[in-house]
Amino acid sequence: MASEPRLQRRTWPAVAARVVVLIVGFVCMVAFAVVLAKATLVPSPASVRFTHTNLHPGDSIRAYLAQPDWKDAVKQVGGNVVLGMPFGVLLPVLFPRTRGVVRVVLMTAFVMLTVETAQGLLVTGRAFDIDDVILNSTGAFAGYLLLGRRLGRALHPRRQHWWQQRRPADAGIPEDRPVEAADAPSPEAPSPGAPDVPITSKPRLPAILRAVRKPAR
């Protein structure tokens with residue numbers, strides 16, 4: 001049997017360490033939100049003529065990679081990937097229900113879709129780009145695999161999935177014995193030495209029918 005992670009133990013040092021980790025994670029999340037807002041929601045009037053809406057996945061990524069200077073391509077692609085990595089690290093720490101690679105990626109995509117929509121509708125010099133959402137979600141995926149998965153398992157108990165059912169052997173019931181037959185109590189236990197007589201129950205009529213069938217005196 002695997003030992004319980006240290007941060008999940010019910011000792012004062014473990015509880016104090018877990019609280020410190022959660023506080024640090026919350027501070028990091030707030031700092032990340034500020035950085036994200038400054039990087040995506042600050043108007044840029046000088047970039048109005050260079051921005052355009054992109055609703056076709058892959059178009060902006062191909063344009064980034066086609067740039068003559070590879071540093072610009074790394075800055076554009078790598079910057080969006082790095083911007084999404086904190087989601088994959090901080091979400092499993094602060095929100096246990098978001099653990100799991102699919103949930104982390106979906107939550108990141110939802111947040112970044114909201115940010116991109118606000119950029120396209122409200123912010124001058126910014127535009128909606130679906131490739132930014134894809135790159136941010138890729139960064140969250142990488143961050144979860146690199147660090148977020150381990151931190152989430154160290155801080156919170158593992159989630160019980162719907163397909164993880166208890167087998168009969170785990171409950172102390174032999175596997176060749178049906179669970180229903182093993183667990184169902186016998187309706188009436190016959191006394192020792194009594195003959196094997198089938199138990200039959202006569203259906204009881206309703207009171208109104210019994211009154212009708214009663215012979216008149």
Side-chain angles (χ1 to χ4, degrees), residues 2-47 51 60-61 64 71-72 74-161:
S3 60
E4 186 179 14
R6 293 183 179 180
L7 292 178
Q8 296 182 24
R9 296 175 183 174
R10 299 180 180 274
T11 60
W12 284 110
V15 173
R18 187 163 60 248
V19 171
V20 170
V21 172
L22 292 176
I23 292 176
V24 172
F26 178 77
V27 173
C28 292
M29 178 63 80
V30 173
F32 170 64
V34 174
V35 172
L36 180 64
K38 289 184 177 181
T40 58
L41 300 179
V42 174
S44 179
S47 304
T51 58
S60 294
I61 296 177
Y64 296 152
K71 294 182 180 180
D72 293 336
V74 172
K75 180 180 178 181
Q76 294 290 343
V77 177
N80 281 297
V81 172
V82 171
L83 189 63
M85 292 184 71
F87 284 104
V89 177
L90 297 175
L91 284 177
V93 172
L94 298 176
F95 306 99
R97 291 183 177 273
T98 61
R99 284 182 300 166
V101 62
V102 176
R103 296 188 180 191
V104 167
V105 171
L106 289 179
M107 181 62 68
T108 304
F110 172 77
V111 174
M112 296 314 300
L113 276 174
T114 305
V115 172
E116 290 292 327
T117 302
Q119 282 184 334
L121 297 177
L122 305 175
V123 184
T124 304
R126 306 283 184 176
F128 180 92
D129 194 336
I130 191 62
D131 283 343
D132 289 347
V133 179
I134 295 174
L135 293 173
N136 296 147
S137 301
T138 304
F141 175 78
Y144 179 78
L145 293 183
L146 291 175
L147 189 58
R149 183 169 177 264
R150 296 180 182 179
L151 289 177
R153 288 188 173 184
L155 286 171
H156 309 290
R158 292 192 178 186
R159 294 188 293 113
Q160 188 73 17
H161 299 282

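FYI, side chains are in, hydrogens and waters are out, and symmetry mates aren't considered; it's all heavy atoms of this structure.
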Interatomic distance, Leu36 atom CG to Met29 atom CE [nearest 0.5 angstrom]: 10.0 Å
Applying side-chain contact (heavy atoms from CB on, under 4.5 Å), run through Leu91 and Arg103 and close with a yes or a no. CA-CA 10 Å; Leu91 284 177; Arg103 296 188 180 191; over 6 Å; no
Could you give me the CA-CA distance, side-chain angles and deciding distance for Leu90 and Cys28, then say whether side-chain contact (heavy atoms from CB on, under 4.5 Å) is met? CA-CA 8 Å; Leu90 297 175; Cys28 292; 4.1 Å; yes
Nearest heavy-atom contact between His156 and Gln8 is O-NE2, 2.8 Å
Between side-chain atoms of residues 104-128 and protein atoms elsewhere (two or more places apart, or another chain), which donor-acceptor pairs fall under 3.5 Å?
from	atom 1	to	atom 2	distance (Å)
Thr108	OG1	Val104	O	2.8
Thr114	OG1	Phe110	O	2.9
Glu116	OE1	Asp129	N	3.0
Thr117	OG1	Leu113	O	2.7
Gln119	NE2	Thr40	O	2.6
Arg126	NE	Val42	O	3.1
Arg126	NH1	Ala39	O	3.4
Arg126	NH2	Val42	O	3.2

Check whether more than 12 heavy atoms from other residues, nucleotides or ligands sit under 6.0 Å from atom CZ of Arg9, and answer yes or no. yes
Among residues at least two apart in sequence or on other chains, which ones pass side chain to side chain contact (heavy atoms under 4.5 Å, CB included) with Ser47? Ser44, Thr51
What residues form a side chain to side chain contact (heavy atoms under 4.5 Å, CB included) with Leu151, not counting sequence neighbours? Val89, Val93, Leu147
Residues in ring pair (Phe, Tyr, Trp, His ring centres under 6.0 Å) with Phe87, at least two apart? Phe32
Counterpart residues, side-chain hydrogen bond (donor to acceptor under 3.5 Å, both in side chains), relative to Asp131 (two or more places apart): Asn54
Of all heavy-atom pairs between Arg99 and Gly152, which one has the smallest distance, and what is that distance? NH1-O, 3.5 Å
Examine distances only and state if a side-chain atom of Tyr64 and a backbone atom of Asp72 form a donor-acceptor pair shorter than 3.5 Å. no
With sequence neighbours excluded, tell me which residues meet side chain to side chain contact (heavy atoms under 4.5 Å, CB included) with Ala33. none
Throw together a table of side-chain donor-acceptor distances under 3.5 angstrom for residues 134-141, partners on residues two or more places apart or in other chains.
from	atom 1	to	atom 2	distance (Å)
Asn136	ND2	Asn80	O	2.6
Ser137	OG	Val133	O	2.9
Thr138	OG1	Ile134	O	2.8

Kindly write out the residues that satisfy side chain to side chain contact (heavy atoms under 4.5 Å, CB included) with Phe26, not counting sequence neighbours, or none if the list is empty. Val30, Leu94
